[in-house]
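For reference, the structure discussed in these notes is given below.
Just so we're on the same page: letters track the sequence lines, and every chain starts at 1.
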Amino acid sequence: MEGFPGGATDLSQLQSTMEAVEHACSSIQMHVNPGEAEKIILSLRLSPLPYQSCRFILETSQIPNARFQAAGAIGDAAIREWGILTDENKRSLISFCLCYVMEHSGAADAYVQAKVSAVAALLIKRGWLDFAETEKMAIFSEVKQAILGIHGMNAQYTGINFLESLVSEFSPSTSTAMGLPREFHEQCLLSLELNYLKEFYCWAQASALSVTDKIIGCGATVSEDKVCSAALRLMFQILNWNFRQSTNTLGHSINKISASSYGIRHDAVLLKKYERSLVQPGPIWNDVLLSSGHTVWLLNLYATLRQKYSSDVIWIDSPLAVSARQLIVQLCSLTGTIFPADNGEMQIKHLIQILSAVLQWIEPPNVISVAIQSGRNESEMIDGCHALLSLATLTSTVLFDNLLRSIRPFGTIHLLSTLTCEVVKAHTVIRDEEETWASEALDILLEIWSVILGRTDTDKDSVSTEGISAASNLFNVIVESHLKAAAESAFDDDGDADYFHASISKRDERLGSYALIARVAADVTVPFLIKLFSERFALINQRNNTSDPTQTLEELYWLLLITGHVLTDSGEGETMLVPEALQVGFSDILEEAQHPVVVLSWSIIHFARHSLDPEMRRTYFSPRLMEAIIWFLARWVDTYLMPLDATKGQISTPGHEHGHPHGYKLSKKVLLSFAGEHNQGVLVLDTIVRISMMTLNSYPGENELLAVTCQKLFVALVRRRNICVHLVGLDSWLDLARAFANERTLFAITARLQRSLAQTLVCAASGLKDSEASNQYVRDLMGPMTAYLVNISNRNDLKAVAQQADVIYMVCCLLERLRGAAKATQTRTQKAIFEMGSAVMAPLLTLLEIYKNQSAVVYLILKFMVDFVDGQIIFLNAQETSILVSFCLRLLEIYSSQNIGKISLSLSSSLRSEAQAEKYKDLRALLQLLTNICSKDLVDFSSSSDELDSPDIAEVIYVGLHIVTPLISLDLLKYPKLSRDYFALVSHMLEVYPEKVARLNKEAFAHIIGTLDFGIHHQDTDVVEKCLRAVNALASYHYNERNAGKEGLGAQNTDSHGSNGKLQDSILSHFLKLLLQLLLFEDFRMDLAGSAADALLPLLLCEHDLYQRLVQELLEREANPAMKTRLASAFHSLTSSNQLSSSLDRPNRHRFRKNLHGFLTEVSGFMRIK
Amino acid sequence: MSDEEHHFESKADAGASKTFPQQAGTIRKNGYIVIKGRPCKVVEVSTSKTGKHGHAKCHFVGIDIFTAKKLEDIVPSSHNCDVPHVARTDYQLIDISEDGFVSLLTENGNTKDDLRLPTDENLLTQIKDGFAEGKDLVVTVMTAMGEEQICALKDIGPK
C-alpha cells in the first residue's frame, strides 16, 4: 500500500515480532505468566512506528487476540506519533483499516473487526480538521456504497458498524482521549453534526429498508436480521446525539411559551433519572424523521414483526426487537423546533401515533402481568412504561390524559392507573427478591405519576374526574396489597439490613409517590385511611390477651408510614407547609370536627397516648410500632403544630384565591388552626413531650427508637421559636430538663443520643423571653455537668478512680452533653455556654492527662473543643479569645506529648487497624480545631474594638502546626477526608501568612514540604490543587522577599531534605524539577494546568539557572531531530511569547497560564506516553 | 434545684470491683466488654430482633485484650453486660532480667518486678534493642480483671 508508514522491514523480523505477540496473547488467555505477556504487548503499543509489524500481524496471524492487539497498537501509536506522520501516511493507515474490515466483513471473531473499525474512526477524527473535504467525501462514499448493500450483506453490516464507532468516537462522553484541547473535540462534533449526521441516518434507514421486505416476508436469513437491527441501533445512537444546533436556533424561548398553552412541555431534566434525554435535532431533521412517514414505517415494521412472531416467546428479546423498541421510545422524546410552529398539532399527532402502537405492549394490563408472571419476557412492557414516561414528560397533565381519548373511551391516566394496580399487586406478592421486573416497572410508573402530579402548576382542575377516581382506585389497591404483605411478613426476623440507609430512602421515595396519588383524591383517600385505622384500633381495644396482635401491629406500622407521607411533605431543612392538595381538597368541609385530616390526626395522637399506660404499652406498643409513631409525630409536628401561616393572620397570596368559593378559604383555615396556639396546640404539645419522655425511659436499649426520638422528634419540637415559647412553659418539658440535669436515668441512653438531647434542650432556650433568662436556663441545665467534671478532676484519688469503667462511661456521657450544648450555641445563650466551657477548661486538661490511654475520652475532649470553638469564636472579645487560644495550645501540647514517639503494640491486626482509625479521627479533630480557630481572622462579630493585645492567631496556628505535623504520617494522608482537611489548612496558612514559614523550625518545615511533595502526587484533584497553591505561595513569597533585598526563605531553602531523605538541592529547585517532570511525562490533568502555571512561574523566576539547565538536558536527551526542534520552540515560546515579564502581578500570571496551556497542548501529543 | 444538685455524683471508690454493669445497648464499638469471663475490646456490634415486633438484641464480636482471641456474645439490648475496668499504667523500665522478667520503677519510687516481657515479637525486640542501646524507655502496662501485660512502649529520649 502506498505511503504506508514505517519503511521496509525484513520478513524474518516481522515474523518474530508476530510470534512474540501471538505467544503473549495466548499465554494471557491461559493465565501463564500474565505480567510478562502484558509487557510484550505493551512494548508493541509503545514501540516507535510499529505499523508494519501490526499490519503483518493483522494480515497473517491466525490468532484473533493478536490481531486485536495489533489493531489497538496502530491506534495508540498513530495518535502518539501523529505529529511525525506525513499526510500520505495518515491516509494510507485509514484506508488500510477500512479495506481490512470490508475484506474481512464476513469473518469470524467480530470483535477484531470492531476494533479495527474503531481504530479507523479514531484516526479519521484525529485528522478531521486537517483533511480536505474531498478526502473525507472519498472515504464516506465508499462507506455509503457498502451500507446501501452494493457489496453484499456482510459489507453492509460492517459499514453500519463503522459508522456506529465513528458516531460514538465523535460524542464527547464516549470519545477516546487524545491529549488535545477540548476545542478540538468540540469542533469535530459540530462539523459532524452539521455535515454528516443526517446523511448517516438516511443511509441507515435505506439499508434497513433494503432488507425489511425479506424479513417481513419469509426466507429471511440471520444476516438480514443482523443488518436490520444494526441499522436500527445506529439510528437510535444518532438520535441519542446531544444536538447543539437546535439549542441556539432563534425563537426557541418564544416557541416554548406559545407551545405551553397547548400542552407541550420541555422538562428535559425529568428523564435524566433513567439516563435518557430529550431529542431536539432542530428543523432540518423534519423531513427525515417526520414528513417522510419514518415513524409510521417503524411502528408498522415492529407491529408486523410482532404479529408474525406472536407464537415465538423469545422474539421479544431478540436484538432486532430490542433495537426497534429502543428507537420507538427515543422517537417518543422527540421535541423542539423540529416540529413546525402549528400550536403543537403535529407533535400531538406524532405522540398519539406512537401511543397507539405502544398500547399493544401494555394493554390489557392484567393479561400482560399474568403472562409475565408465567414466564414471558418483560422487556416490551418495561419499554412501554418508558414510552409513557416520555409522553408524560413532554405533555401537560391535561394533554397527557387526553392523548388516549381519541383511541379509547377513557383517558391515559385511567390506563396508567390500571397498569400501576397490576404492577403493585405483582410487586407485593414477590417481595422477597430485590430486583424484579415488577419493582423496575413500578419505579418507572411511579416516576410518571410524580411527573404528572408533582408539577408546581398542576392543580385539582388539571386531572379529570375520571382521573381522580382512577387515582383513588389505585391508592386503594396500593394500600390493600401492602397491608396484606405487611400482615404476611409480620413474623419475619428483623435484622440490621432493614435499617440500611439506601433501602429506607428507597422505601420513602416510593411512599412519597404513593402519597402524591392519594392526595389527588384526598376527599376519598383520607377517609379511607381513617376507616382502616379505626378498624385496627378497635381490634386492639377489644382484644383479650389470648391472641397475638403482631399482624395488626405490622399493619399499623405500615399505615402510619403511608399516612405520614400523605399528610406531610418530607423536606430536609425546609419549613414544612401543609400540602397544597390537602388545603384545597376539602372545600365543602367547614366544621373542624368533620375535617378528615383533623379526624385522622386526632385519632392517631389519641392512639399514641395509650402508650403512656404501662399495661397497654407492654401488650401492644412494640418498639417497632413506637418507632413509627414517633416518626409520624415528628413530621406531623413540623407541619401542623402551630403552623407559621396561622400566626401571621393572612393565609395565602390573594391572587390564588381568586375564583375559589368561600368554603375553600374556610376549610383551609381549619387545617391551619386546628392544632394552633389558640386551639389544641399546647395540649397536644404536652402530650407529645410526655410520650417522648416515656419513650426515653421505658424502652431501654432500643437504639433505633431512641434515635428517632432524640434526633427527629425533639429536633422538630425546638425547630420553631413559636413552639419553644410554649415548650419552656410546660411542666412536662421542665421535668425532662430536670431529669436531664439531675437524675441518673437518662444516662442509660447511648452517649451520642445524650448529645442530641442536650442540644435540643439548650435550643429550647430560644423560647424564653430574654437573654438573661436564656442564660440562666442554660446554667441550670449544664451546671451539674460542669460541677461533676470539676469535682472529679479535683479528687485526690483521681488516678485510681478515673480508670474505672463506670467513671469513664460517665465522663464520656458528660463530654457528649457538653458537645451538644456547644453545638446549640446561639447569640442569646453564648454567654452561658462560654462560662460552661471556661469552667471545664482546667478539668479537661487534667482529664486529658489522666485518660491519655483511653482514646475514646481523648477524642471526645477534642471534638468538644472543635464544636466549642466553632460556636464561640466569632463572639469573643480579645481577652476571651486569648483565654480560649492559650487553652487550645495547652491542649495541643499535652496531646502531642502523649502521642509523639509512642510505639503501640497491638496483638492482632484488627486491633491495630482500630488504633490507626482512632488516631486518624483524633487528627481530623485537631485539624478541624485549627481551622476553626483560623476563622477568627475571617469572621469576627465581637463587640470590643481594642485590638491591642488580641493574640496573634497565625502564630498560634503555626505552633499548632508544629505540634500536629509530626503526628501526620504519609500513611495517614491516604485517608481522603484527613488529607483534604490537612492540605486545606496548609495551603491556607501558606497563602495568608507566608512570612511565618521562615520561622518554623527545621523539622516542622521539612515535614510540611514532605507532605506537599506527597500531596502533589495525590489522586485527588482537590488535594493536588491545594498543594500547587501552597507551592505557589511559598515560591512567590521567596521571590518577592529576595527582590526587596531580604532573605526570603533563607536558610530553610538552601539546606533541606527532599522526599527521599537525601541531602540535595534547595526546596524550590526540587519543586521545579518535580513540576516539570509532572507536566511533561506524567498523566497530568489539563484542568489543573492553571494552578500548575501559577506555581511554575515563581519557581522559574527564583531558579532561572536551574531551569535553563533542565531544559538543555531535556533537549539533549531527545533523539529525534524533528521532535527536538518542536520541543525547543515550545520551551522557547513558554517563556518568551505574550511579552512575559519577570513580575508576579496578575496580568503576567495570566499570560503565563496561556503560555503553559499552549505549551502543554503542543508537547503532550509527543512527550506524554499514554 | 440546689438541694438536688450533684444527684448523679459518682459513687466510685478506689477499691471497686473488677467489672461494672452497663446496658448492652450503650456499649459501642471500641468499648470494652466481658465475654465468657474474658475482658475484650468490642470490634463489632450489630442488632437484630426476633420477629419484627420483638425486642432488640445486640450481637457483640470482641477480641480478648490479652490473648487476641475472638469471642462472640448475644445479649438483649436492655440487659446489662459486664464491662471490665481496664487500666493502663506507665512505668520506667529499669532492668531486664535473664529469666524474662522486667524490673519497673513505680511512681512512688519502688520497683515492680513481677512482670514478664511481652510475648509479641515486635514489641519484644523493640524493648530489648532499645534497652541494649541505653535508651530511656517507658512501658505501658495494661491491667484488667487481675491480669497484667506490657502493651506499649515509649522512648522518652535523652533528658
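Around atom NE2 of B:His55, no more than 12 heavy atoms belonging to other residues, nucleotides or ligands sit under 6.0 Å away. Other residues, nucleotides and ligands contribute only 12 or fewer heavy atoms inside 6.0 Å of the NZ atom of B:Lys70. Residue-environment remark: NZ (B:Lys36) exceeds the threshold of 12 foreign heavy atoms within 6.0 Å. Surrounding CZ of A:Arg752 are at most 12 heavy atoms belonging to other residues, nucleotides or ligands under 6.0 Å away. The 12-atom threshold is exceeded at CG of B:Asp99, counting heavy atoms of other residues, nucleotides or ligands nearer than 6.0 Å. Atom CG of A:Asp731 sits in a sparse spot, with 12 or fewer heavy atoms from other residues, nucleotides or ligands closer than 6.0 Å.
The structure places OG of B:Ser78 at 7.0 Å from CD of A:Glu702, a figure rounded to the nearest 0.5 Å. With rounding to the nearest 0.5 Å, the separation of NE2 in B:His85 from CD1 in A:Ile808 is 8.5 Å.
Not a single donor-acceptor pair under 3.5 Å links the side chain of A:Gln803 to the backbone N or O of B:Arg88.
Between A:Gly701 and B:Ala56, the shortest heavy-atom contact is O-CB, 4.3 Å.
Looking at A:Ile749, only its backbone comes within 4.5 Å of chain B, counting heavy atoms on both sides. Neither the backbone nor the side chain of B:Glu44 comes within contact range of chain A, judged by heavy atoms closer than 4.5 Å. Contact of A:Phe491 with chain B is made through the backbone alone, with heavy-atom distances under 4.5 Å. Only the backbone of A:Ala490 comes within contact range of chain B, with heavy atoms under 4.5 Å apart.
Checking B:His53 against A:Glu554 by side-chain atom types alone, a donor-acceptor pair falls below 3.5 Å.
Between chain A and the options B:Glu107, B:His79, B:Lys57, heavy-atom pairs under 4.5 Å are most frequent for B:Glu107.
Among the residues in residues 20-28 of chain B, those with a non-hydrogen atom closer than 4.5 angstrom to a non-hydrogen atom of chain A are B:Phe20, B:Gln22, B:Gln23, B:Gly25, B:Thr26, B:Arg28.
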